[in-house]
Amino acid sequence: MSASAPDRYRPETRLVHSGILRSQFGETSESLFLTQGYVYESSLQAERRFKNEDPGFQYSRFSNPTVAMFEDRMAAFEGAEAARATATGMAAVTLALVGQLKAGDHVVAAKALFGSCRYIVETYLPRYGVSSTLVDGTDLQQWRDAVRPNTKTFFLETPTNPTLEVIDIAAVAQIAHQAGATLVVDNVFATPIFQSPLALGADCVVYSATKHIDGQGRCLGGIILASEDFIQKHVHVLLRQTGPSLSPFNAWVLLKGLETLPVRVRRQSDSAATLAVTLAEHPKVARLIYPGRPDHPQAAVAQKQMRGGSTLVAFDIKGGKSAAFRFQDALKLIRISNNLGDAKSLVTHPATTTHQRLTPAQRAELGIGDGLVRVSVGLEHPDDIVEDMLAALEAV
Ligand SMILES: Cc1ncc(COP(=O)(O)O)c(C=O)c1O
């Protein structure tokens, strides 16, 4: 096996080459190691491998060459010392939080979280004696006021799902560190192409690799990136002992996805920006939210911490739920699906799908009205996307 680590290269180059482990056959493309275990040359080697004195793999619940390539490539790109891949994005979020916490601890999180992440913080952790406070992530004073002596970690996603609010990562990291807490950032919506939370002061970044990293709607996956110390202390043992591991096959799909990630994300985000221009002026649209625009509520923060806009656009259709349903049902090219980051453009109505479990008051607090629609812009020709949207708006 040989590994290449061309750290001196630019980000796009690292996404094609970093972390590659070539076998004795010198294959061009990354190998798929579909194996559960590994054989040892001798009893002594097995003993030394288990004592961590002999480098190599032991069992694919905790290490596998294809998974390692994915982890190393992501770490090289993100500028992280270490990474651990997981079976899904939710496994990554859960491990990154649970690994740091014990009964009696306290978590502060932004309330505009993906539904399952909010469930972990609001419902699941308290069952084990970990209390939590949800704040308006854009209001820095609320983060400060929520701190308690037992606060161990802060958690946020930015831009948020589905209203694309932008939270100031550097400012929240500073508040967390002053409180002796860590900051975990879910960077799914921004993607590693447009935002680097670790460079902004976060201690840990998590991804649902299911989204843009695969980018073609095929497999689930997740990854946790942080310092070697954070991974060893909080993630490594828990992942090894509880087993929410990424399958080598999915790691291989995700590795190949990384090669094209910058090209896809930039193209999708350019198309989303074009769509936002059209929607902002449309008489049937009451409000348009797009992080790349000067009229975004946190435009200054977005400009400070993001290198691009977003592949997602959110907007309120005048006429509430019935108008939003008519619009979605009239789309011909763009399909109704709660997923995002796919090559195929997808549309969802958060109030009746992803955020259905929240009360109307909780949805109102988050700006999720009955007319809100979220579009994940894909790789189709931008004119076809815009034409489909305009024709569907005509039907409203
Ligand atoms: C912001 C965010 N975080 C985490 C997840 C969970 O990822 P997964 O579905 O891969 O578990 C999702 C989507 O499902 C998401 O949108």
Side-chain angles (χ1 to χ4, degrees), residues 11 78-79 93 108-114 117-118 121 133-147 153-179 181-207 211-212 225 265-266 268-270 272-273 275-277 279-280 287-316 340-341 350 365-368 372 374-377:
E78 195 81 39
V93 169
V108 186
K111 62 177 76 149
L113 287 180
F114 171 63
C117 297
R118 187 161 163 161
V121 171
T133 305
L134 294 177
V135 298
D136 173 350
T138 62
D139 182 346
L140 296 178
Q141 195 53 43
Q142 289 197 23
W143 290 97
R144 285 188 203 100
D145 292 345
V147 170
T153 191
F154 281 19
F155 177 50
L156 62 86
E157 66 183 53
T158 179
T160 63
N161 178 27
T163 52
L164 308 176
E165 268 178 3
V166 177
I167 301 176
D168 189 334
I169 297 173
V172 177
Q174 200 181 21
I175 299 167
H177 296 157
Q178 276 163 0
T182 59
L183 172 63
V184 177
V185 174
D186 180 336
N187 207 32
V188 165
F189 271 49
T191 83
I193 305 301
F194 287 158
Q195 186 168 271
S196 304
L198 296 178
L200 292 164
D203 301 279
C204 175
V205 55
V206 288
Y207 288 98
K211 310 296 188 266
H212 302 87
L225 300 119
V265 166
R266 290 200 183 103
Q268 287 170 246
S269 146
D270 286 350
L275 179 62
V277 170
L279 292 174
R287 175 178 67 140
L288 177 279
I289 316 162
Y290 185 70
R293 289 171 60 89
D295 59 4
H296 185 278
Q298 294 88 34
V301 182
Q303 196 171 14
K304 186 176 73 160
Q305 72 185 23
M306 296 183 72
R307 294 181 287 273
S310 173
T311 64
L312 290 115
V313 179
F315 58 100
D316 274 309
L340 62 100
E365 197 181 31
L366 296 174
I368 304 171
L372 187 78
R374 185 196 79 190
V375 183
S376 170
V377 177

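Numbers for residues simply follow the sequence, beginning at 1. The structure presented is a predicted model; accordingly, all values stated were derived computationally and were not measured.
The CD1 atom of Ile289 sits 11.5 Å away from the CG atom of Leu312 when rounded to the nearest 0.5 Å. Distance CZ/Phe114 to CG/Asp186: 9.0 Å, rounded to 0.5 Å. For the atom pair Thr163 OG1 and Phe315 CZ, the distance stands at 14.5 Å (nearest 0.5 Å). Here CG of Leu340 is found 10.0 Å from CD of Gln268. Values are rounded to the nearest 0.5 Å.
In this structure the side chain of Leu183 reaches within 4.5 angstrom of the side chain of Leu156, judged on heavy atoms. Residues Val188 and Glu157 have side chains not in contact (no heavy-atom distance under 4.5 Å, counting atoms from C-beta outward). Proximity of Ile167 to Gln298: side-chain heavy atoms (C-beta onward) are nowhere separated by under 4.5 Å. A heavy-atom distance below 4.5 Å is not found between the side chains of Tyr290 and Pro159. Within the 4.5 Å cutoff, no side-chain heavy atoms of Thr158 are placed close to those of Met306. Side chains of Gln305 and Asp168 form a contact here, defined as non-hydrogen atoms less than 4.5 Å apart. The closest side-chain heavy-atom distance from Leu113 to Phe155 is below 4.5 Å. Proximity of Arg287 to Leu372: side-chain heavy atoms (C-beta onward) are separated by under 4.5 Å at one or more points.
Here the closest non-hydrogen pair linking Ile169 and Ala202 is CG2-CB, 4.4 Å. Listed here is the closest heavy atom pair of Glu78 and Pro192: OE1-CB, 3.5 Å. Counting all heavy atoms, side chain and backbone alike, Thr191 lies closest to Val265 at OG1-CG1, 3.8 Å. The minimum heavy-atom distance linking His296 with Leu164 is given by the pair NE2-O, 2.6 Å. Asp203 and His177 make their closest contact through OD2-NE2, 2.8 Å (heavy atoms, listed as atom of the first residue, atom of the second, distance). Taking each heavy atom of Leu198 and Gly79 in turn, the nearest pair found is CD1-O, 4.4 Å.
Under the rule for a ring-ring contact (aromatic ring centres under 6.0 Å, His included), Phe189 has no partner lying at least two apart in sequence or in another chain. Not counting sequence neighbours, the partners of Asn187 by the side chain to side chain donor-acceptor pair (under 3.5 Å) test are Gln195, Tyr207.
Arg307 places a side-chain N or O within donor-acceptor distance of the main-chain N or O of Ile193, the cut-off being under 3.5 Å. Formation of a donor-acceptor pair under 3.5 Å by the Gln142 side chain with backbone atoms of Asp136 is found in this model. Of the possible polar contacts, none joining the Ser310 side chain to the Pro291 backbone as a donor-acceptor pair under 3.5 Å is found.
Paired with Lys111 under the rule side-chain contact (heavy atoms from CB on, under 4.5 Å), one option of Thr133, Val135, Leu366 passes, and it is Leu366.
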